[in-house]
Amino acid sequence: MKGLFKPKPRTPIDIVRQTRDLLIFFDRSTETRDSKRDEKQMVELCKNIRELKSILYGSSDSEPVSEACAQLTQEFFKEDTLRLLIKCIPKLNLEARKDATQVVANLQRQPVQSKLIASDYLEKNMDLMDVLIAGYENTDMALHYGAMLRECIRHQIVAKYVLNSPHMKKFFDYIQLPNFDIAADAAATFKELMTRHKSTVAEFLSKNYEWFFADYNSKLLESSNYITRRLAVKLLGDMLLDRSNSGVMTRYVSSRENLRILMNLLRESSKSIQIEAFHVFKLFAANQNKPPDIISIFVANKSKMLRLLDEFKIDKEDAQFEADKAQVMEEIAALEA
């Protein structure tokens with residue numbers, strides 16, 4: 001007889017709705033709470049989040065089912081489940097936080113009828129990005145919120161909001177936080193912001209050139225932290241060598257202050273910083289419309305630069321690097337006051 005009354009399996013929609021109800025329960029005021037009941041509800045919530053993750057990612061035995069993922073995603077963004085989950089993450093245990101982070105990340109990529117409905121939801125709820133970015137100031141939440149933020153800025157509309165928000169200036173400080181893991185996570189998010197959406201980044205850099213590169217130079221390229229300098233000079237090369245940023249690149253390589261910084265980076269003891277600095281330095285040398293003050297720096301330091309470049313070797317053979325170096329040396333040698 002027992003087999004006749006088996007509970008009906010829950011659908012993805014049921015699980016999302018029950019999760020939402022539990023999140024609403026924990027979001028309410030904590031006064032006059034029954035701790036035993038709370039504990040039971042929290043176990044149920046964590047179990048539900050784990051089930052949502054299993055539907056979206058599949059398991060070791062089965063692949064995710066696209067129809068189930070679509071139902072889950074549609075129900076999730078129907079109401080404020082994402083907002084509730086982000087608000088309640090600090091109340092979850094570590095494993096549930098990790099599961100919730102993976103759920104939020106996956107939902108950003110889930111199509112419903114060939115459309116990413118997460119993007120539409122976030123467009124109307126951009127203040128959630130303020131919460132995620134501020135997470136870098138909370139040691140316990142930084143890596144969870146950082147991972148969510150990176151997935152959200154896959155949407156161009158979200159990246160544009162973050163780039164044009166006052167939060168952008170904070171990244172220069174987050175990248176230098178004393179906690180290595182959080183600083184590295186902030187650097188990964190910053191790189192994603194500055195490289196993923198080409199046209200949006202080009203527009204941002206054109207409009208914000210002055211303050212952005214003033215901070216980039218002083219806080220990152222001239223940082224006392226070796227890892228910060230290495231990441232910054234690599235990212236600078238990625239940005240300036242991108243065709244979308246050609247106008248910004250021309251402006252950058254026309255500045256004597258920028259040239260001074262790159263010349264200092266070329267003299268670093270770290271080979272990896274030297275190599276990345278060279279990829280930017282060669283843009284100054286290759287510029288066919290060098291301003292007079294750039295030419296005067298090259299001429300005044302000609303013998304030192306040529307000697308430095310002549311002795312500059314990399315560990316493995318690289319024909320392209322050698323060709324670039326020869327071209328740069330030729331450009332510098334030909335310059336006259």
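By convention here, the first residue in the shown sequence is residue 1.
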A.B. asks: Check whether any side-chain heavy atom of Leu163 lies under 4.5 Å from a side-chain heavy atom of Asn208, and answer yes or no.
C.D. replies: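 No - every pair of side-chain heavy atoms lies 4.5 Å or more apart.
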A.B. asks: Quiz question: by atom type and distance under 3.5 Å, do the side chains of Gln156 and Thr200 form a donor-acceptor pair?
C.D. replies: yes
A.B. asks: Any Lys/Arg nitrogen of Asp173 or Lys219 sitting under 4.0 Å from an Asp/Glu carboxylate oxygen of the other?
C.D. replies: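 Lys219 and Asp173: salt-bridged.
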A.B. asks: Under the salt bridge (charged side-chain N to carboxylate O under 4.0 Å, His left out) rule, what do Glu192 and Arg154 come out as? Steps first, then yes or no, please.
C.D. replies: CA-CA 8 Å; Glu192 185 77 0; Arg154 292 167 70 94; 5.7 Å; no
A.B. asks: Does a side-chain heavy-atom distance below 4.5 Å link Asp242 with Thr195?
C.D. replies: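 With C-beta onward as the side chain, the pair stays apart.
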A.B. asks: Taking NZ in Lys160 as the centre, count heavy atoms belonging to other residues, nucleotides or ligands within less than 6.0 Å. Is the count above 12?
C.D. replies: no
A.B. asks: For Lys313, is the NZ atom crowded, meaning more than 12 foreign heavy atoms sit under 6.0 Å from it?
C.D. replies: yes
A.B. asks: Aromatic contact between Phe212 and Phe172, with the criterion being ring centroids under 6.0 Å apart: yes or no?
C.D. replies: yes
A.B. asks: Less than 4.5 Å apart, side chain to side chain, heavy atoms only: is that true for Pro90 and Asp140?
C.D. replies: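 No, their side chains stay 4.5 Å or more apart.
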A.B. asks: Do His279 and Lys234 touch side chain to side chain, with heavy atoms closer than 4.5 Å?
C.D. replies: no
A.B. asks: Checking Arg150 against Thr189: is there a side-chain donor and acceptor pair closer than 3.5 Å?
C.D. replies: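 Result is yes, a qualifying pair exists.
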A.B. asks: Do Phe171 and Leu193 make a side-chain contact, defined as non-hydrogen atoms from C-beta onward lying under 4.5 Å apart?
C.D. replies: yes
A.B. asks: Name the orientation class of the two ring planes belonging to Phe278 and Phe312 (parallel below 30°, tilted from 30 to 60°, perpendicular beyond 60°).
C.D. replies: perpendicular
A.B. asks: What do you reckon, is NZ of Lys302 surrounded by more than 12 foreign heavy atoms closer than 6.0 Å?
C.D. replies: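 More than 12 within 6.0 Å, yes.
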A.B. asks: Could you check whether any side-chain heavy atom of Tyr216 comes within less than 4.5 Å of a side-chain heavy atom of Met194, counting everything from C-beta outward?
C.D. replies: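 Sidechains of Met194 and Tyr216: no contact.
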A.B. asks: Tell me whether the count of non-hydrogen atoms from other residues, nucleotides or ligands lying under 6.0 Å of NZ in Lys191 goes above 12.
C.D. replies: no
A.B. asks: Whether Asp120 and Lys115 form a salt bridge (side-chain N of Lys/Arg under 4.0 Å from carboxylate O of Asp/Glu) is what I want to check.
C.D. replies: yes
A.B. asks: For the pair Phe213 and Tyr209, name the ring-plane relationship: parallel under 30°, tilted 30 to 60°, perpendicular over 60°.
C.D. replies: tilted
A.B. asks: Check step by step if side-chain contact (heavy atoms from CB on, under 4.5 Å) holds for Ile86 and Tyr145.
C.D. replies: CA-CA 8 Å; Ile86 287 171; Tyr145 280 174; 3.9 Å; yes
A.B. asks: Are side-chain heavy atoms of Leu116 and Tyr121 found at a separation under 4.5 Å?
C.D. replies: no
A.B. asks: Side-chain contact test, heavy atoms from C-beta onward, threshold under 4.5 Å: evaluate it for Leu240 versus Leu283 and give yes or no.
C.D. replies: yes
A.B. asks: Is the NZ atom of Lys271 crowded by more than 12 outside heavy atoms at less than 6.0 Å?
C.D. replies: yes
A.B. asks: Do the charged groups of Arg230 and Glu276 touch, with an N to O distance under 4.0 Å?
C.D. replies: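 Salt bridge absent between Arg230 and Glu276.
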